[in-house]
Amino acid sequence: MSSEPAIEAHGLRRSFGDVHALRGVDLVAPTGSVLGVLGPNGAGKTTAVRILTTLLQPDAGTARVAGLDVTKDAQELRSRIGLAGQYAAVDEYLTGRENLAMVGRLYHLSPSQSRTRADELLAEFDLVDAGGRVASTYSGGMRRRLDLAAALVVRPPVLFLDEPTTGLDPRSRNALWETIEERVSEGTTVLLTTQYLDEADRLADRIAVIDHGEVIAEGTSDDLKARVGGSRLEVALEDPTQAEAARAALGPLAEAGADVGVDGSRLSVPLRSDAGGVVAAVRRLDDAGVAVSDVTVRRPTLDDAFLTLTGRPAEDATDDAEVPA
Amino acid sequence: MSSLRWTISDTGVLALRQLRRIPRQPDLLIGYTIQPVMFVLLFRYVFGGAIQTPGFDNYADFLMPGIIVQSIAFGGFVTALAISDDMKKGLIDRFRSLPMSRIAVLSGRAFADLALNALQLAVLIAVGLLVGFSFATDILRVLLGIVLLLGLGFAFSWVFCLIGLSAGSAETSNAIGFTVIFPLTFASGAFVPPSTMPDGLRQFAEANPFTTLVDATRHLFLGAPANSDVWVSVLWIVGITVVAAFLSLRRYRSLTG
């Protein structure tokens with residue numbers, strides 16, 4: 001094994017007419033790791049995946065996947081990658097088994113190897129009973145599982161998952177996450193795009209946040225959260241008129257330079273790491289005679305990180321994300 | 001030549017995919033068989049009495065080669081719809097991400113269409129015989145005619161591949177098919193002799209390759225005067241196939257999604 005990263009892209013650019021989908025994107029995923037590419041719709045995530053999976057030529061920049069150049073060695077590279085896209089790309093008129101066997105044949109496995117592998121994957125993805133039914137009868141979650149199984153026919157060392165759980169119900173998402181985690185534990189390198197912060201948080205070793213065709217932040221989930229600051233203390237008052245008293249009481253707990261935010265009967269404080277947390281806060285409020293209905297300490301989420309990095313909440317950007325499977 | 005071997009293998013896999021789908025899409029089979037039969041009945045019995053076809057024993061003889069050419073050429077239409085659908089559903093992306101031959105997705109369709117066209121041809125000839133059509137040449141010429149018709153269907157499969165890849169949606173494919181290709185088959189000698197058409201349209205119909213193909217079929221099935229129609233038809237078929245296949249493959253390679 002070389003020490004070359006499984007995925008390495010430098011300065012990828014791609015325009016469609018006047019639309020600059022990618023404006024110089026760098027991505028790196030060491031072998032065996034999971035790189036989460038996080039961003040709202042239209043950020044350029046899918047364009048990046050399409051370039052890395054040889055479906056699209058970059059206007060500029062270079063990329064190597066599994067040690068091969070995505071443009072010069074495209075044909076050879078295709079036998080070493082698996083792609084599961086946004087739309088559960090299965091043939092609805094073929095059965096699950098026929099779909100997988102067809103993909104095996106197109107990866108140039110022999111007919112018997114293809115059938116054997118199809119049966120293995122059906123078992124692995126809990127589709128044995130459905131294997132003989134045409135895919136049009138499958139639920140959204142079953143289709144995604146079949147799609148993911150098709151991407152794994154040749155056990156590719158590098159797997160690209162483009163919004164694998166968009167439109168799935170929570171139970172199916174969880175099941176798919178577990179399946180992806182199993183692959184990773186077997187050493188597969190995964191590039192995963194998602195609009196869901198919790199998905200990137202759970203699956204990815206490192207996260208690249210893309211917005212308007214550029215990587216605006218890169219790091220571990222914790223790195224990104226750290227950019228928003230430490231934990232926040234959230235206090236709900238019983239009596240809104242005590243807000244000023246509460247602000248004064250909690251002021252010393254706030255990080256240097258940070259302010260206590262007041263919104264009606266709610267206060268939000270960026271906590272100093274050595275402030276003593278909830279205990280110190282409750283003691284100070286009690287001493288000041290402030291009655292509280294709720295006190296919590298919240299670790300920053302990727303939502304907070306996204307808001308800080310892009311200036312807008314991720315939720316706004318994902319309003320139109322409810323795509324049917 | 002292992003790459004040629006894989007091209008053949010991949011084409012076979014994709015053709016088999018299409019053939020497997022046929023019995024699972026009854027609406028498709030109806031389009032392929034019932035619809036042309038309705039056309040035969042419509043023209044033979046509704047319009048046929050009013051159409052004069054000098055030089056032919058009856059209108060059924062004149063009509064059948066025309067309707068067969070139209071049905072076979074237009075049969076590839078479902079290919080355009082299916083390719084648009086595959087693009088929309090992400091299947092074309094999946095195929096393009098696999099280490100398979102680039103042309104196989106299209107050639108697989110074209111060869112599967114060949115089988116469908118053979119079925120359609122059998123249904124049409126059977127119905128034609130029932131409504132009064134009869135072959136008036138020898139078996140060799142009839143077989144040649146059948147080969148020519150299947151060649152025509154093959155050529156138009158590539159045309160419809162190109163339409164499907166270019167259209168981007170089944171609706172657009174539908175619009176291109178019905179506003180461009182379908183009228184072309186009517187502005188020809190398929191259903192009425194061009195000599196009965198007004199100036200302008202008549203010259204267009206006479207130059208229309210559909211007319212050449214229909215006349216070639218009439219020659220091979222009925223012994224009608226051929227002139228150079230058979231050879232010109234072969235040239236049209238080869239020409240359409242080569243140009244449409246080249247453009248389709250180029251389009252397929254450079255799809256941007």
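A note on names: the letters A, B, ... follow the listed sequences, proteins ahead of strands, and every chain is numbered from 1. The model shown is predicted, which means the values in this text are computed figures rather than measured ones.
Neither the backbone nor the side chain of Gln57(A) comes within less than 4.5 Å of any heavy atom of chain B. In this structure, the portion of Leu14(B) lying under 4.5 Å from any heavy atom of chain A is its side chain and not its backbone. For Ala74(A), no part sits under 4.5 Å from any heavy atom of chain B, backbone or side chain. Neither the backbone nor the side chain of Phe160(A) comes within less than 4.5 Å of any heavy atom of chain B. If you measure heavy-atom distances from Arg253(B) to chain A, you find no contacts under 4.5 Å at all. For Arg94(B), the part lying under 4.5 angstrom from a heavy atom of chain A is the side chain only. There is no contact between Asn99(A) and chain B, counting heavy-atom distances below 4.5 Å. Of the atoms belonging to Ala151(A), heavy atoms from both backbone and side chain fall under 4.5 Å from chain B. Looking at Arg14(A), the atoms closer than 4.5 Å to chain B (heavy atoms on both sides) all sit in the side chain, from C-beta outward.
With sequence neighbours excluded, the residues that form a side chain to side chain donor-acceptor pair (under 3.5 Å) with Ser173(B) are Ser84(B). Arg173(A) meets the side-chain contact (heavy atoms from CB on, under 4.5 Å) test with Thr165(A), Leu168(A), Trp177(A), Tyr196(A), Asp198(A), Glu199(A); sequence neighbours excluded.
For the set Met102(A), Glu76(A), Arg80(A), the entry with the most heavy-atom pairs within less than 4.5 Å of chain B is Met102(A). For the options Thr46(A), Asp147(A), Thr54(A), Val103(A), heavy-atom pairs under 4.5 Å to chain B are most numerous at Asp147(A).
Across Ala89(A) and Gly90(B), no two heavy atoms sit closer than the pair CB-O, 3.3 Å. In terms of heavy-atom proximity, Arg50(A) sits nearest to Leu255(B) at NH2-O, 4.4 Å.
Heavy-atom neighbours of Arg250(B) CZ from other residues, nucleotides or ligands within 6.0 Å: at or below the threshold of 12. The 12-atom threshold is exceeded at CZ of Phe43(B), counting heavy atoms of other residues, nucleotides or ligands nearer than 6.0 Å.
Considering CE of Met100(B) and CZ of Arg78(A), their distance stands at 10.5 Å, rounded to 0.5 Å. Taken from OG in Ser97(B) to CG in Leu77(A), the straight-line distance is 10.0 Å, to the nearest 0.5 Å. Note: Lys89(B) NZ to Asp91(A) CG = 8.5 Å, rounded to the nearest 0.5 Å. Considering CG of Asp93(B) and CG of Leu56(A), their distance stands at 9.5 Å, rounded to 0.5 Å.
In this structure the side chain of Thr95(A) reaches within 4.5 angstrom of the side chain of Arg24(B), judged on heavy atoms.
Of the options Leu83(A), Leu106(A), Ile81(A), Val153(A), a side-chain contact (heavy atoms from CB on, under 4.5 Å) to Leu98(B) is made by Leu106(A) and by none of the others.
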TODO: Mind running side-chain contact (heavy atoms from CB on, under 4.5 Å) on Asp10(B) and His108(A) for me, showing each step along the way?
DONE: CA-CA 8 Å; Asp10(B) 293 344; His108(A) 297 160; 3.0 Å; yes

